[in-house]
Amino acid sequence: MIFWADKTAEKIIRREKKLYRTECGLGASGIPHVGSVGDGIRAYAVTLALEDRGVPSEFVAFSDDRDGLRKVPRGFPAFLEEHIGRPVSTIPDPFECHTSYGEHMSSLLLDALDKVGVRFVFQSGTMAYEDGTLDDVVVEALNNWKEAGQIIFEMTGQKKYLEQLPFNVICSECGKIYTTRAYEWIPEKKKILYVCDQEFKGADSKTGKELTVSGCGHRGEASIRDGKLTWKVEFAARWKALDISFEAFGKDILDSVRVNDHIAKEIFHIRHPVHAFYELFIERGGGRISKSKGNVFTPQVWLSYGSPESLRLLMLKRLGTTRVVDVEEIPKFMNEVDSLKKIFFGKEKITNEREEQHVRRLYEYVTFLHPPDHMGLLINYYTLVQLARMLPKTVENRFALFKDILMRSGLIDEEFSDEELCQKIEYATNWVEEAEEAEEEEVSLSEPERSALRRLAEKLPEYTDGEQIQELIFLTAQEHQVKPGRFFQVLYRVVIGTDRGPRAGTLISGVGPQRVSEMIMKAI
RNA sequence: GGGCCUGUAGCUCAGUCUGGCAGAGCAUCGGCCUUUUAAGCCGAGGGUCGCGGGUUCAAUUCCCGUCGGGCCCGCCA
């Protein structure tokens, strides 16, 4: 097997379990970035690979909703400032539609996973602590906290946990989790002594100002359910408690994972899960999105311009290399899905047999191992973008026009459903309206060109036939001593904003001569 | 201070794991609808695979070094 998820599954399956669980952590402290669904999609791919081998598997989405809020996200209400340092599951939902801030955020991610077609079992971190799921592993960690602290120190040089328990208590007075220091573990009572005397630096991303959050000074005694393990041991703890066989992770938490792998072995006496390491995504420009609207690049944004398949492709294709990802990449991935599909259905050949196998398997995973029976619609995304550019949403019979132009130009002749086409048109339309960089190049017109355009605009409404319109354009150009080539270029620029396009007559008769006439008049 | 990714055609990148004539898309150029710009088709040009060494019959691929681009960790979660 040559696909990474299959290789990973082969490794995992040697562990001989009844049920193989894959896992990913879900951040719940901010609006999820498109990269955040990657963990889930990758873990789910491994679950599919395991099931494909006939063993049961499930994917657990573990929400880190007991993590504290460290900064107020851009555009969020100011009252959140006073909640900095508290677990996100105890902070009110600023949108008032969920029971907490944390629940709101993780619901966004779960919604995205759902839309992408990932099946998962949800586990709230807060619940896992509160209902005792993690009791045993917390006790085990705390009983060995000195040793754990030593491991952390040796691996990272961090001295903090030589002196304090790897456990963040939620202060019973002020409710903050990042300002406490747990200094004593009383095994026989299963109690933790702590003091709320720490400082940490949060931030308000709106103002950019740094906020120092201080503890309230409270001293208290906490139970093992009144806080959470620190990340450096928590992963290992939940791997054990939930019996996790696989977890992917990004470069940002590489250190934590290394430590946890070690902790898993030394403290919890389990084999750490099989991992898949991936590089992070970086954003280049972000297009218009972030600039004008202050939007972050969420999975939902991706899914408004691209299909679930395209997003899966992004996440599954390659793990190990840094990728630039922004909205401009979406059309490329849409087209790549089509090209994988072509190869899968044998419409296009790859000479390298190995590569062909890889591509076919990749396509299967892009469909989450449910490839369609028929190839269906293949259409270049940019083609739809161009069409969408000249057929605004308000045009009557928009879908019929799209279809007609595409059919007539022979771009779609395979079997496909209207639904399929409609969906792709919608993606491209959203793309044109929101994501495309408007390249408003001024058309500099010479006098003859201007008068030729005016003349054309006057005559156009009298015509309906594409061929005759084509003829009209040509004659108009000649009458005004404009080179036809130049005139067509000008015309395309005025009508659809590019230098070239489909046969002009067909195009104009499709869009409607009256409409085009108005567009020309407006432009000159 | 520690670590990761990356450098291949004008541009964006495959290919490197598993060594075997250097690839795609876009762009460029030429040709093709009886006069025109054809979201199409056919064809062409274009690369010292960052640089220097090593291993090998053979290196873009493996090893060592080096230079450039970028990122993560070094608070915490």
Side-chain angles (χ1 to χ4, degrees), chain A residues 2 4 7 25 27-30 64-71 85 87-88 125 155-158 160-161 166 168 177-179 198-203 213 228-235 249-259 277-284 317-324 328-329 331-332 335-336 339 348 350-352 354-355 358-359 379-387 389-390 405-406 408-413 467 470-478 482-493 496 498-507:
Chain A
I2 49 180
W4 69 266
K7 287 184 193 163
S29 51
D64 289 312
D65 56 5
R66 200 162 244 198
D67 288 356
L69 182 68
R70 30 190 66 254
K71 61 179 184 182
V88 291
M155 296 189 73
T156 67
Q158 189 180 4
K160 183 171 174 178
Y161 295 107
N168 298 319
I177 190 169
Y178 286 162
T179 50
Q198 301 291 293
E199 272 192 357
F200 93 100
K201 295 200 186 330
V213 177
K228 75 187 290 289
L229 292 168
T230 182
W231 265 21
K232 297 244 161 44
V233 300
E234 188 188 52
F235 295 168
F249 67 93
K251 183 160 71 174
D252 52 337
I253 57 166
L254 188 133
D255 269 351
S256 291
V257 171
R258 270 182 40 233
V259 172
F277 168 81
Y278 58 88
E279 277 281 347
L280 268 29
F281 294 115
I282 55 176
E283 280 184 62
R284 186 163 27 204
K317 187 184 175 188
R318 277 195 309 172
L319 302 188
T321 59
T322 309
R323 314 277 299 278
V324 171
E328 322 244 330
E329 295 289 304
K332 294 183 192 167
N335 288 340
E336 190 171 347
S339 105
E348 203 168 281
I350 290 186
T351 44
N352 184 325
R354 205 187 146 70
E355 196 186 333
H358 184 263
V359 166
I379 180 78
N380 188 301
Y381 195 90
Y382 293 108
T383 301
L384 291 177
V385 163
Q386 290 191 44
L387 275 175
R389 207 185 270 139
M390 65 187 185
I405 294 172
L406 290 171
R408 249 195 290 176
S409 57
L411 286 168
I412 48 174
D413 50 2
E467 283 311 308
Q470 186 77 11
E471 188 75 7
L472 171 68
I473 297 167
F474 180 63
L475 290 175
T476 309
Q478 284 190 325
V482 179
K483 275 169 80 179
R486 169 65 187 167
F487 192 56
F488 274 93
Q489 188 182 341
V490 165
L491 186 60
Y492 282 115
R493 196 147 267 297
I496 55 178
T498 62
D499 281 348
R500 40 175 52 221
R503 192 172 170 82
T506 318
L507 171 71

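Per chain, numbering begins at 1; letters A, B, ... match sequence-line order. Quantities reported herein were computed from a predicted structural model and do not represent experimental measurements. Atoms considered below: every heavy atom in the structure, side chains included; atoms not considered: hydrogens, waters and symmetry mates.
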Under the rule of Watson-Crick or G-U wobble with both distances under 3.5 Å, where | means paired to another strand and [ ] a crossing pair, RNA chain B maps to ((((((((.[[[[.)....(..]]]].(((((.......))))).....[[[[[..)....]]]]])))))))....
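In this view, A/Phe487 satisfies the ring-ring contact (aromatic ring centres under 6.0 Å, His included) rule with no residue, not counting sequence neighbours. When the salt bridge (Lys or Arg N to Asp or Glu O under 4.0 Å) test is applied to A/Lys228, the partners found at least two apart in sequence or on another chain are A/Asp67, A/Glu234. By the side chain to side chain donor-acceptor pair (under 3.5 Å) test, A/Gln198 is found to be paired with no residue, residues two or more places apart in sequence or in another chain being considered. Listed by chain and number, the residues in a side chain to side chain contact (heavy atoms under 4.5 Å, CB included) with A/Thr156 are A/Ile152, A/Gln158, A/Lys232, A/Val259 (sequence neighbours excluded). For the side chain to side chain contact (heavy atoms under 4.5 Å, CB included) test, residues two or more places apart in sequence or in another chain that qualify with A/Asp252 are A/Leu280. Considering only residues two or more places apart in sequence or on other chains, A/Thr230 meets the side chain to side chain donor-acceptor pair (under 3.5 Å) condition with A/Tyr161. Residues that satisfy the side chain to side chain contact (heavy atoms under 4.5 Å, CB included) test with A/Gln470, not counting sequence neighbours, are A/Phe488, A/Arg503, A/Ala504. Taking the side chain to side chain contact (heavy atoms under 4.5 Å, CB included) definition, one finds that A/Asp255 meets it with A/Arg258, sequence neighbours left out.
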Contacts under 3.5 Å, N or O only, protein and nucleotides 26-30 of chain B:
none

Listed pairs, N/O of protein and of nucleotides 22-24 of chain B, under 3.5 Å:
none

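A donor-acceptor contact shorter than 3.5 Å links the side chain of A/Asn335 to the backbone of A/Tyr381.
Atom pair A/Leu491:CG and B/rU37:P shows a separation of 13 Å (rounding to whole Å applied). Here B/rG3 presents its P atom at 14 Å from CZ of A/Phe277, a figure rounded to the nearest Å. Rounded to an integer number of Å, the gap from CE of A/Met155 to P of B/rG3 is 13 Å. Between the C1' atom of B/rC4 and the CG atom of A/Leu319 lies a distance of 14 Å, rounded to the nearest Å.
Separating the C1' atom of B/rA22 from that of B/rC49 is a span of 8 Å, rounded to the nearest Å.
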Where protein sits on nucleotides 72-77 of chain B, one letter per nucleotide: B base, S sugar-phosphate only, - none, heavy atoms under 4.0 Å
SS--BB
